[in-house]
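Working notes, beginning with the structure itself.
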Amino acid sequence: MDIMELMEQAKDAATVKRVFGEPIQQGDVIVIPVARVAHGGGGGQGQGTGEKGEESGGSGGGFGFSATPAGVFVLKDGDAQWRPAIDVNRIVFGGQLVAVVLLLTVRAILKRHRRKR
């Protein structure tokens, strides 16, 4: 399979169906799941002369795909509401980052205060 053909197929895989899931209906409420989707890829091929003067070539490529939940649209009585997904891991990481910066700042202030004495 040609590398460029593979890249075209990967590009075609990124459709709106990857972002919006199938609607779920329960009574008069419809829930539409939504995801944040990111993809990227690259590839190339080339030809040249080897160390011994022989003609050589090669090709290569890579592709990455990521999807994370973003939330849901809730449709009820003709009204649409957005309910975002809460990423607890991101919140905890942010809190840890703030705590580390705070501790390093307090440490630097205390060191400077001790040197003045």
Side-chain angles (χ1 to χ4, degrees):
M1 176 178 275
D2 184 29
I3 190 72
M4 295 305 167
E5 185 180 327
L6 183 63
M7 287 295 141
E8 283 297 319
Q9 288 179 358
K11 184 179 81 172
D12 292 340
T15 65
V16 72
K17 288 187 177 189
R18 302 247 189 250
V19 176
F20 294 100
E22 293 295 322
I24 302 164
Q25 185 169 0
Q26 183 71 34
D28 63 342
V29 178
I30 299 173
V31 177
I32 303 172
V34 181
R36 230 177 250 112
V37 177
H39 75 281
Q45 55 189 8
Q47 294 184 0
T49 306
E51 292 179 8
K52 297 179 182 178
E54 74 278 357
E55 194 69 27
S56 64
S59 64
F63 184 75
F65 184 85
S66 172
T68 56
V72 294
F73 281 110
V74 178
L75 307 173
K76 183 177 181 182
D77 301 327
D79 187 33
Q81 291 183 338
W82 171 250
R83 304 276 174 95
I86 298 174
D87 188 356
V88 177
N89 290 333
R90 183 177 282 182
I91 294 169
V92 169
F93 179 72
Q96 290 173 341
L97 189 63
V98 168
V100 167
V101 170
L102 178 68
L103 289 173
L104 290 174
T105 304
V106 168
R107 177 179 162 221
I109 291 170
L110 290 175
K111 275 186 172 182
R112 189 173 287 171
H113 181 65
R114 284 186 206 147
R115 287 182 189 163
K116 287 183 180 181
R117 287 185 176 193

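Here, residue 1 is the first one in the sequence, and each next residue gets the next number.
- Here the NE2-CG distance, from His113 to Leu110, works out to 7.5 Å after rounding to the nearest 0.5 Å.
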Ignoring hydrogens and angles, write down the donor-acceptor pairs under 3.5 Å from the side chains of residues 83-108, residues two or more places apart or on other chains.
residue : atom : partner : partner atom : Å
Arg83   : NH2  : Gln81   : OE1          : 2.8
Asp87   : OD1  : Asn89   : N            : 3.3
Thr105  : OG1  : Val101  : O            : 2.8

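- Taking each heavy atom of Pro33 and Val72 in turn, the nearest pair found is CA-CG1, 3.8 Å.
- Applying the side chain to side chain contact (heavy atoms under 4.5 Å, CB included) criterion to Pro23, with sequence neighbours excluded, gives Ile30, Ile32.
- Note: the hydrophobic cluster containing Phe20 also contains Val37 (ILVMFWY, side chain heavy atoms under 4.5 Å, direct or indirect links).
- By the side chain to side chain contact (heavy atoms under 4.5 Å, CB included) test, Ala70 is found to be paired with Val34, Arg36, Trp82, residues two or more places apart in sequence or in another chain being considered.
- Gln26 CD: 12 or fewer foreign heavy atoms inside a 6.0 Å radius.
- Atom OG1 of Thr49 is separated from atom CD of Glu55 by 5.0 Å, given to the nearest 0.5 angstrom.
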